[in-house]
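Within every chain, numbering begins at 1; the chains are lettered A, B, ... in the order of the sequence lines, protein sequences first and strands thereafter.
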Amino acid sequence: MKRTLKIYNTLTGKKEAFQPIHEGHIGMYVCGPTVYNDVHLGNCRTFASFDMIYRYLLHLGYKVRYVRNITDVGHLTDDGEDRMAKGAKLARLEPMEVAQKYTVGFHDMMRIFNTLPPSIEPRATGHIPEQIEMVEDILARGLAYERNGSVYFNVPKFAETTPGVYGQLSGRVLDDLYSETRELKNQGEKEHPADFAIWMKARPEDIMVWKSPWSVGFPGWHLECSAMSTKYLGKTFDIHGGGNDLKFPHHENEVAQNHGACGCAPANYWMHTNMLLLNGKKMSKSDGNTISPLELFSGTSTHTSKSYSPMVVRFFMLMAHYRSTLDITDEALQAAEKGFKKLMEINKLVQNLPVDARNFDGSETNTDREMLALMETAFEGMDDDFNTAIAIASLNELGGYINKLVNKQIEASEVSPWVLEKTKVVFQTLIFDIFGLKDESDSGSDGGTVEGLMNLVLEFRANARAQKDWAASDKIRDSLQAIGIAVKDGKDGVSWTKQ
RNA sequence: GGUUUCCUGGCCGAGCGGUUAGGCACAGCUCUGCAAAAGCUGCUACAGCGGUUCGAAUCCGCUGGAAACCUCCA
């Protein structure tokens, strides 16, 4: 069956049927982090969202080149100083030392959240020649001008020569833009307040500087993404993504730069993930309204009552659509934790169900049809702009059938072997391949030691129970509970789970 | 001030003109030595006011509230 993937395109403000430029291949660029600080949870949501998107595209069979950059230069601080350099001075470290430290931290965090590494992870400082070239191209096409060693992009001229482009992505009206731009540094050098720097001449206090035809300086705020996406994905590629807060000016200016350099649009589909909220407000490094992932994992944040594991947090994010704001609260996290553990349990149950073809008479039962419909709904949800909430809901409903099968409330013959087989695959595929979750309750690489110990302990308990020695039986159960192992007495014997 | 978006049951959160989304919490029941787990049942909401329509949470208008962007930010 051929599915149609629909993607919400910020450029047009509509959901569109996705059509790659080259059949079977996708080029996707996502704006990565600026490595002058620890990643916070909001960053993680964006990268987890695009990880899910990347995984689903792979699942659909596309060959995806996923490029996500590391920004280690180029962002101005309030006082006009490069952010990387500022961090370096405070900590008395080399700028690249700071970048390296937080890059490593970022990678660690991405691994903890079980995100797949991008195909290419280019660094801004590693692409200075490409950026200088792009400035030259833009100058050559007459869409930028030099002032005292700095080069500025000429927005009014671009708007005039390429009508309808500037402002389209962020939905901005040019006249408003022209009249409302605030006073910024170096405003005096610009011909127009809406213009923006693509090359900045260094001042004596700047550390990270490079030689260029115009001055010793550094590239402008948005240039790196334009240069690197072009280099690795071509002038026009399929998907460009990033956080909602990058829409303007970052992405708008990126579009302008690419147009300015080559006369064509950079990406066909622009995707923007929405913000993670804390206390109803955007999480942000600069205003201190943040919760770090590590605080969440260790339970040391004042905003939460307990610790939450990385996969619980990832599941929590998946319960909402990537384009909706998501308010993080202790209660919501607790709900996610229970939901996540339940889903993991259900998956174990379904994977362990025996597939018995002997009594299969070849007909499709009502239960078959209901279960198949739910699986269909799950993937329809994913096809509809990556609606993970729908997919999870379907999985939960399927879980009801699994539980009833296990509890023998549904006859095994009610579910055809191939449907059961398919259910197993669907669970496995959605939970692990697409959602990118991991079962954290797995005892892991202890070589079955825990398993063996548990069998022994539960055997003792079974003996006690057989002799109606409830005191001993309950003592074992309570002690296990105390170390976080729940014992469940079912119809077909005892099972246990780590909590 | 400008632009845009959002406002769903105790909480989180789907929904894009006509079916109970789902999860968590809560209550009752079944199962159980007791519990837990699981199952079943109940809890049926769409900020307010108008309008369009046979029919609106879903479209339009107004009012109120919130948020994002306009300035580095995922």
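Panel note: side chain A/Asn244, backbone A/Met275; no donor-acceptor pair is recorded below 3.5 Å. Without hydrogens or angle criteria, A/Asn9 side chain to A/Lys14 main chain gives no donor-acceptor distance under 3.5 Å. In this structure, A/Asn387 contributes its side chain and A/Met382 its backbone to no donor-acceptor pair below 3.5 Å. Side chain of A/Asn69 to main chain of A/Gly32: a donor-acceptor pair is present (N/O by atom type, distance under 3.5 Å, no hydrogens or angles). The backbone N or O of A/Ala393 lies less than 3.5 Å from no partner atom in the side chain of A/Asn396, so there is not a single donor-acceptor pair.
The distance between the ring centers of A/Tyr308 and A/Phe316 does not fall below 6.0 angstrom. Checked against the 6.0 Å centroid threshold, A/His127 and A/Tyr232 count as a close aromatic pair.
Residues satisfying the side chain to side chain contact (heavy atoms under 4.5 Å, CB included) test with A/Met109, not counting sequence neighbours, are A/Val39, A/Cys44, A/Ile112, A/Phe113, A/Pro293, A/Leu294, A/Phe297. A/Asp245 pairs by the salt bridge (Lys or Arg N to Asp or Glu O under 4.0 Å) definition with A/Lys282, not counting sequence neighbours. When the side chain to side chain contact (heavy atoms under 4.5 Å, CB included) test is applied to A/Ser226, the partners found at least two apart in sequence or on another chain are A/Met134, A/Glu254, A/Gln257, A/Asn258.
Map A/Tyr322 and A/Thr273 each onto its nearest nucleotide of RNA chain B; the residue landing nearer the 5' end is A/Tyr322. Each of A/Asn403 and A/Asp327 lies near RNA chain B, and the nucleotide nearest A/Asp327 is the one positioned closer to the 5' end.
One finds a side-chain N or O of A/Thr34 lying less than 4.0 angstrom from the OP1 or OP2 phosphate oxygen of B/rA74. At B/rC40, one or more side-chain N or O atoms of A/Lys404 fall inside 4.0 Å of OP1 or OP2 (strictly under the cut-off). Proximity of A/Asn387 to the phosphate of B/rG15: a side-chain N or O atom is located under 4.0 Å from OP1 or OP2.
Separation of atoms CD1 (A/Ile392) and CZ (A/Phe340) is listed at 10.5 Å; rounding is to 0.5 Å.
Note: CG (A/Asn407) to C1' (B/rC31) measures 9 Å, nearest angstrom. Atom C1' of nucleotide B/rU4 and atom CG of A/Asn274 are separated by 12 Å, given to the nearest angstrom. Atom CD in A/Glu337 sits roughly 16 Å away from atom C1' in B/rC11 (whole-Å rounding). One interatomic measurement links the two molecules: NZ of A/Lys475 to P of B/rA36, which rounds to 20 Å at whole-angstrom precision. If you take CD of A/Gln409 and P of B/rU41, they are 10 Å apart, rounded to a whole angstrom. Rounding to whole angstrom units, CG of residue A/Asn253 and P of B/rU71 are separated by 10 Å. With rounding to whole Å, A/Met110 atom CE is found 11 Å from B/rA74 atom P. Taking atom CE on A/Met275 and atom P on B/rA74, their separation rounds to 9 Å, with Å as the unit.
Contacts of A/His272 with the nucleic acid, taken as non-hydrogen atoms under 4.0 Å apart, are absent. Counting any heavy atom pair closer than 4.0 Å across all strands shown, A/Thr377 reaches no nucleic acid atom. Nucleic acid contact for A/Gly242: sugar-phosphate only, since backbone atoms but no base atoms lie under 4.0 Å from a heavy atom of the residue.
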Below 3.5 Å is the cut-off: list the nitrogen or oxygen pairs between protein and nucleotides 65-67 of chain B, distance only.
residue : atom : partner  : partner atom : Å
B/rA67  : OP1  : A/Lys281 : NZ           : 3.3

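Taking the P atoms as reference points, B/rC29 lies 13 Å from B/rA36, given to the whole Å. Nucleotides B/rG51 and B/rA45, compared at atom C1', are 23 Å apart to the nearest Å.
Side-chain N/O atoms of A/Arg477 and base N/O atoms of B/rA36 include no donor-acceptor pair closer than 3.5 Å. Side-chain atoms of A/Ser284 come within donor-acceptor range of the base of B/rC73, with a qualifying N/O pair under 3.5 Å.
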For every nucleotide of nucleotides 16-29 of chain B, 5' to 3': is a protein heavy atom under 4.0 Å from its base (B), only from its sugar-phosphate (S), or from neither (-)?
B----BSBSS----
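With respect to A/Glu345 and A/Lys488, a salt bridge is recorded, a charged nitrogen being found less than 4.0 Å from a carboxylate O.
Paired runs in RNA chain B that reach 3 or more consecutive Watson-Crick or G-U pairs, where each pair keeps both distances under 3.5 Å, cover B:1-7 with B:64-70, B:10-12 with B:22-24, B:26-30 with B:38-42, B:47-51 with B:59-63.
At least one cation-pi condition fails for A/Arg68 and A/Phe50: the charged atom is not both under 6.0 angstrom from the six-membered ring centre and inside a 45 degree cone around its axis.
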